[in-house]
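See below for the structure under consideration.
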There are 2 protein chains.
Amino acid sequence: MKAGELANRFSVNVNTVRHYVRSGLLSPDKDASGYHYFSAEEERQLAFILRARELGFTLDDIRQLLNDATSGESPCPHARELIELRLTEARQKLNSMQSLVSRMESAVREWQALPDCAPCGDHICHLIEGGHHE
Amino acid sequence: MKAGELANRFSVNVNTVRHYVRSGLLSPDKDASGYHYFSAEEERQLAFILRARELGFTLDDIRQLLNDATSGESPCPHARELIELRLTEARQKLNSMQSLVSRMESAVREWQALPDCAPCGDHICHLIEGGHHE
DNA sequence: ATAAACCTGTGAGCGACTCACAGGTCAAGG
DNA sequence: CCTTGACCTGTGAGTCGCTCACAGGTTTAT
C-alpha cells in the first residue's frame, strides 16, 4: 500500500502519514522505484499512533512506546506514567481554557452596554482596558 | 525605562517584551547608546497588550487594534468582531480539551484493572489499542 | 506521446514565546 | 584606570504537530 491509499483508509491527510515517516514513527520499505510500501504491520502501527494521539500522547511519547515495543520491552509501564503526565497537563490546559472562555464571555456581556469609544488619546480601547476584575 | 525594568514592572519575561518590540507591537525610542527607552505611553501600550492577550486576542488582532487607534479610528468595532471570533474558537478548543480529558480519564480508570502486557507481536500496547469506545 | 494523477524529499510556515549567543554599555569596587 | 558583573542589543533557532508548496520522478490511461 502506498502513502495516499493508507491515508485514505485512515481518513488522515496524506501529509500526516508523510510527517510520521519523516519523523521516524513509520518506517515503510521502499520498492524499486522509490515509493513507500506500507505493509499490514505498518498499517497496524499507524492505527496505534492514531489511537495514542487520541489519548493525548505526544509524538515523542509514541516514539518511546514504539521503541519499547521493538526492543522487546513492555511499553505499558511507560504508557501509564506518560498518560498521567499528559493528563495533568491537559487538566491544567482545560482549566486555563475554561477561565479564558469565561473571561471572554464576561467581556462580551459587559461590552453590550458600552458604546464604541472615540480615540481620545488617553486610552487605546476602553472596552479592553476598562473591565478589569481581579 | 529599559526593557528589563518594564518586564519586571509587569511581571513578564523580558524576552516577551523584546518579542513584542521585534514584532512591532511596541516601538520604543532608542537612546544614544542604542538602548530602548520605554516611555509612559509604551508602558500603557504594554498594559493594553497584556490585557488584550488575557481576553484571548491574538498578537495579530492586537496589532490591528493598535493600528486602528494610531490611525485615528476607533478600535472598538474590530474588538467586538474579533472577540466573537476568538470566543468561538476558544469554545471549540475547550470542547475538544474536555473530551480529551474525559477520554484520558476513562483510559486511566480502565487501565487500573489491566495488567502490563508482554510484547507478543500481535499488538504494540494492549492498554492503548484495547479500549476503543466510539 | 502525452497528460493526469500519483509519488518522493526538502524547506518553510503556523503562534507566541523562550532560549542561546556574540557583542556593546554602564556602574561600582579595588 | 581597570576589571567584573549585570544589564542591554539584534539575530537565529527551537518548541509542537502538522500542513502546504515546490521541483522532480513514476505510473496509468488515453
Side-chain angles (χ1 to χ4, degrees), chain A residues 1-39 42 46 48-66 82 85-86 89-90 92-93 96-97 100, chain B residues 1-39 42 46 48-66 82 85-86 89-90 92-93 96-97 100:
Chain A
M1 191 170 2
K2 281 177 286 180
E5 199 182 341
L6 186 66
N8 272 339
R9 188 158 310 189
F10 284 90
S11 303
V12 297
N13 190 315
V14 65
N15 288 309
T16 302
V17 171
R18 303 184 63 212
H19 175 59
Y20 293 161
V21 173
R22 168 149 49 166
S23 53
L25 292 178
L26 291 172
S27 306
D29 291 338
K30 300 219 256 173
D31 68 13
S33 63
Y35 283 17
H36 291 313
Y37 173 74
F38 296 88
S39 65
E42 311 288 338
L46 178 57
F48 173 78
I49 293 167
L50 296 177
R51 172 64 184 160
R53 187 182 64 164
E54 262 181 31
L55 289 177
F57 291 98
T58 68
L59 296 192
D60 270 355
D61 294 342
I62 298 173
R63 211 186 319 278
Q64 178 169 6
L65 298 176
L66 289 173
L82 287 169
L85 189 59
R86 301 307 164 210
E89 293 169 358
Q92 282 170 8
K93 200 163 173 185
S96 69
M97 285 304 299
L100 173 61
Chain B
M1 187 165 10
K2 281 176 287 182
E5 199 182 342
L6 185 68
N8 273 341
R9 189 158 308 190
F10 285 91
S11 303
V12 296
N13 191 315
V14 66
N15 288 309
T16 301
V17 171
R18 303 184 64 213
H19 175 61
Y20 293 160
V21 174
R22 169 149 49 167
S23 54
L25 292 177
L26 291 172
S27 306
D29 291 339
K30 299 219 259 173
D31 68 13
S33 63
Y35 284 15
H36 290 313
Y37 174 75
F38 295 89
S39 66
E42 310 289 337
L46 177 57
F48 173 78
I49 293 167
L50 296 178
R51 172 65 183 159
R53 189 181 63 163
E54 265 180 29
L55 289 178
F57 292 98
T58 69
L59 296 192
D60 270 353
D61 294 342
I62 298 173
R63 210 185 321 278
Q64 178 169 7
L65 299 176
L66 289 172
L82 287 169
L85 190 57
R86 301 307 165 210
E89 293 169 356
Q92 281 167 8
K93 202 165 171 182
S96 68
M97 284 304 298
L100 174 60

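Every chain is numbered from 1, with letters handed out A, B, ... down the list of sequences.
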Roughly, in whole Å, what's the span from [atom1] in [X] to [atom2] in [N]?
X	N	atom1	atom2	result
A:Lys2	C:dG9	NZ	P	14 Å
B:Leu50	C:dC17	CG	P	9 Å
A:Asn8	C:dC6	CG	P	9 Å
A:Lys93	C:dG15	NZ	C1'	12 Å
A:Arg63	D:dG17	CZ	P	9 Å
B:Leu26	D:dG10	CG	C1'	16 Å

Side chain of [X]: nearest nucleotide among [options]?
X	options	answer
B:Ser33	D:dT19, C:dC17, C:dT25	C:dT25
B:Tyr35	C:dT25, D:dG10, C:dC7	C:dT25
A:Asn13	C:dC17, D:dG10, D:dT19	D:dT19
B:His36	C:dT8, D:dC8, D:dG10	D:dG10

Does a distance-only test, which skips hydrogens and angles, find a donor-acceptor pair under 3.5 Å between the side chain of [X] and the base of [N]?
X	N	value
A:Arg22	C:dG11	yes
A:Tyr20	D:dG17	no
B:Arg18	D:dG10	yes

Quick check on DNA chain D: between B:Phe38 and A:Thr58, whose nearest nucleotide comes earlier from the 5' end? B:Phe38
Quick one: on DNA chain C, does B:Asp60 or B:Asp31 contact a more 5' nucleotide (nearest heavy atom)? B:Asp60
Using only atom types and a distance under 3.5 Å, with no angle test, would you say the side chain of A:Asp61 pairs donor to acceptor with the backbone of A:Thr58? yes
Once you apply a heavy-atom cut-off of 4.0 Å, does [X] come out as touching a base, just sugar-phosphate, or nothing?
X	answer
B:Asn15	base
B:Tyr37	nothing
B:Ser23	nothing

Measuring to OP1 and OP2 of C:dG24, would you say a side-chain N or O of B:Lys30 lies under 4.0 angstrom away? no
Evaluate side chain to side chain donor-acceptor pair (under 3.5 Å) for B:Asp31 paired with B:Ser33, printing each intermediate quantity in order. CA-CA 6 Å; B:Asp31 68 13; B:Ser33 63; 3.0 Å; yes
Answer with yes or no whether the side chains of A:Asn13 and A:Thr16 bring together a donor and an acceptor at under 3.5 Å. no
Give the minimum heavy-atom separation between A:Leu25 and A:Leu66, together with the two atoms involved. O-CD1, 3.8 Å
If I compare all heavy atoms of B:Leu100 with all of A:Ala90, which pair ends up nearest, and what's the gap? CD2-CB, 4.5 Å
